[in-house]
Each structure stands twice: as structure tokens, then as C-alpha cells.
Amino acid sequence: MKRKWICLLVCVGICIGYTGCVPRIELPSVPTPVAGAGSAAGPQAATPPVNAQETAEHTPAPTFTPAPTPEVIAALCILDAEKEKMPVFAAAAEEMAFKYDWQLNIVGVPQGFDAALAESKHDIILALRTQVKTSLAALEAAAGKGAAVGLLDLAGGANQAIAGISRASYTQVEAADLARLVLNETLQYPPHDTPVRLVALLSEESAPAAVAFQEAVSQGKIFTRGLHYESNKKQSAEAFLNDQLDNWIVGMLDAIYVENSQLAQTALKVLGERKRDDVEVFCIPSGTEGLPPMIETQQELYKRYVFPLAVGVDVEAEFMRMAEVLQHMYKHEDEPETWEFSIVVKHMQSEMPQVKKVS
């Protein structure tokens with residue numbers, strides 16, 4: 001019996017020596033049941049733990065789209081005069097540059113456009129001509145190179161179309177017509193009834209303003225309260241008006257009709273000193289240095305004095321119209337345009353000034 005156990009032990013030792021290890025038996029692990037919300041039946045499989053590094057590797061990185069590079073539109077506003085001569089031009093140009101995001105340059109060249117445009121690489125060129133002698137050849141050349149070119153022509157003359165260029169030209173109004181225009185506005189301005197009681201300050205009897213005044217008197221439209229000619233050296237306009245205001249107290253005079261801005265300021269000075277706010281002043285505008293009367297020049301005066309209306313060319317409005325046309329031309333949305341502009345009337349005392357075009 002002993003011999004059998006000895007043999008068995010020897011066999012077991014041989015097996016251990018042969019394999020070099022003791023076999024290990026592992027039982028399969030059983031997952032711990034996890035009760036799900038609302039689960040009514042049996043255990044569910046456990047949710048494996050989330051590996052933060054693995055999650056990061058599988059989350060796509062955000063894609064950043066770079067903002068588009070803004071388009072640079074090089075614009076040139078050029079006039080054949082010193083910039084100081086036309087401040088409204090520079091002001092309107094800066095406003096349009098802000099509106100359309102132009103990279104703007106404003107240049108005054110009294111000697112003409114040729115030298116300033118010889119090497120121009122601008123996308124948009126808006127020119128203001130104040131002298132008939134100023135050549136337009138450089139503008140035509142710039143248009144031929146692909147620039148969007150526009151011309152505001154205050155020099156007058158025929159508004160002939162120029163290939164590739166948008167052009168707006170001033171149509172001149174004769175002095176007599178301008179005098180009648182202002183006088184008619186004076187007579188129609190409320191609360192006047194016909195005949196209107198007027199004092200007139202004029203230069204001389206043969207002046208267009210005097211002729212228009214006498215025509216209206218003969219037609220029964222005016223009741224003359226006083227008539228003064230500067231050609232009469234016996235009394236100044238200021239002394240004459242003071243005498244008339246002594247005679248015509250509040251409620252007895254409607255307005256003062258004057259021929260130019262100098263006489264208008266005289267009238268306003270007298271009214272201010274006498275604290276008379278019942279009388280309005282109507283002035284015939286006059287241009288300077290060969291230019292037509294401009295409404296912006298009068299508006300500067302109206303910031304200090306209350307005038308019922310302003311009469312003249314609205315340069316700012318025409319500039320803005322031209323700038324819009326050029327913007328469309330640059331984007332190849334419109335063809336060049338040609339139009340005419342002239343004197344307009346703005347009633348200044350209404351909340352929104354009414355504009356009347358003069359035909």
C-alpha cells in the first residue's frame with residue numbers, strides 16, 4: 001500500500017516538473033446588476049466607465065472659418081478749385097465714403113484734372129467742374145481704363161453724354177427768372193393774403209429784382225409799404241428800414257423783399273435790434289466767382305438767422321445721387337447716367353424742409 005502512494009507522489013512530481021507551473025482555474029466574473037429607471041424586469045448590463053482621454057480623442061475639434069477680407073474701394077473726389085472754395089463737396093464726399101466704405105482721397109486742383117489723374121489707379125472718381133476751361137480728357141482716359149467716373153458740372157453749358165462717364169450738369173437760371181421765383185415764393189408763403197404788404201430793398205430801378213417787383217405791383221399782388229434803391233445815396237438801407245418800421249408797427253407789415261445777401265443781413269440786423277419777429281425776410285440768392293447760387297451757402301446763414309426759405313443749387317443732393325450711381329457702376333449693376341439739375345427752393349421753417357424744383 002505504501003508503495004502505491006509513493007508511486008503516485010512520484011508521478012505528481014514528474015508532472016509538476018514537466019509543466020513548470022500549477023494550472024490556475026479562473027471563474028468568469030458576473031457583472032453587478034444595475035437597476036434602470038423604470039425598469040421592472042431583471043438585471044441590466046453595467047455601463048462601462050467613460051475614459052476621458054478616449055472621449056477627447058473621438059470629439060471632433062471645432063473648425064474656424066476666417067472672416068472674408070473686406071473689399072478695398074479706392075475713391076477719388078476731385079474738383080478744379082481749392083477745397084476751401086467748396087466745403088460742401090468735401091463734407092458730402094466724407095459722408096459717402098462712410099456709407100459705401102470707400103478709401104477716400106479728396107483733391108483740389110485749380111490747374112485742372114490732367115496732372116492729378118495721370119497715374120490714377122482709383123476704382124471710383126467723382127469730379128466737380130467749376131470752370132468751363134477745365135478739360136475733361138483725363139476723366140475720359142480714366143473711364144477707358146475701367147474706373148467708374150462721374151462728373152458734376154457746375155460750369156453750365158450743354159449736358160452732352162460722354163462715353164463711359166455719368167454726367168450731371170447745371171442748367172442756368174436767368175437773373176430775371178430767379179427774381180420772379182423768389183418774389184412769387186414771398187407772395188405765396190403763408191400766412192400772407194393778396195395783396196402782400198412789402199418793404200423792398202433793391203439795388204437800382206433797372207435791376208431784375210426791381211422789374212419783377214414793379215410787375216407784381218401793377219398786377220395788384222403787392223401793397224408797397226416802402227421801396228428803397230441803393231443807387232439813391234441820400235439814405236442808407238438801414239436808416240430807411242428803421243424809418244419804415246417806425247411807421248408800420250406789428251401787424252401792419254408782412255415781409256421784406258431784398259435783392260442780395262448783403263441787404264438781407266442789413267434787414268435782419270435792424271429787425272433784431274428792434275426785436276421784431278413778426279416780419280420775414282425773402283432774399284434773392286447770388287452766386288460767387290462765376291458759380292450759381294448754392295443752397296448750402298444760404299443754410300450757413302440761416303443757422304444764425306431765421307429765413308423762410310433757401311433758394312439755390314443743392315450740391316449735396318446732386319453729389320449723393322452721383323455717388324450712388326457710381327457705386328452701382330463699380331459693381332457693374334448700372335450703366336452711366338446723364339441728367340440736368342438747377343435751382344431748387346427749400347422751405348426752412350417746416351419740420352421737414354419741402355423742396356421745390358424750378359423748371
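Everything numeric in this text was worked out from a predicted model, so none of it was measured.
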Test item: side-chain donor near acceptor, [X] and [Y], under 3.5 Å:
X    : Y    : result
N247 : R225 : no
D80  : T130 : yes
E230 : S203 : no
E273 : N242 : no
S169 : E340 : no

Is the backbone of [Y] close enough, under 3.5 Å, to the side chain of [X] for a donor and an acceptor to pair up by distance?
X    : Y    : answer
S135 : A137 : yes
D254 : R197 : yes
S342 : T171 : yes
S236 : A239 : yes
S166 : E337 : yes
S120 : A116 : no

Heavy atoms of other groups near Q262 CD, more than 12 under 6.0 Å: no
CD/E335: more than 12 non-hydrogen atoms of other groups inside 6.0 Å: no
Residues K331, D123: salt bridge by 4.0 Å N-O rule: no
Axial cation check for W339 ring with R167, 6.0 Å and 45° limits: no
Ring geometry between F319 and F89 (parallel below 30°, tilted from 30 to 60°, perpendicular above 60°): perpendicular
Co-members of the apolar cluster containing F113 [side chain, <4.5 Å]: L76, I78, V107, V109, L117, I125, L136, L139, V149, L151, I162, I165
Test side chain to side chain donor-acceptor pair (under 3.5 Å) applied to E204 and N232, step by step: CA-CA 8 Å; E204 57 185 9; N232 179 5; over 6 Å; no
For H228, all residues meeting ring pair (Phe, Tyr, Trp, His ring centres under 6.0 Å), sequence neighbours excluded: F240
R180/E215 under salt bridge (Lys or Arg N to Asp or Glu O under 4.0 Å): CA gap, chis, key distance, verdict: CA-CA 9 Å; R180 291 189 185 95; E215 287 175 355; 3.2 Å; yes
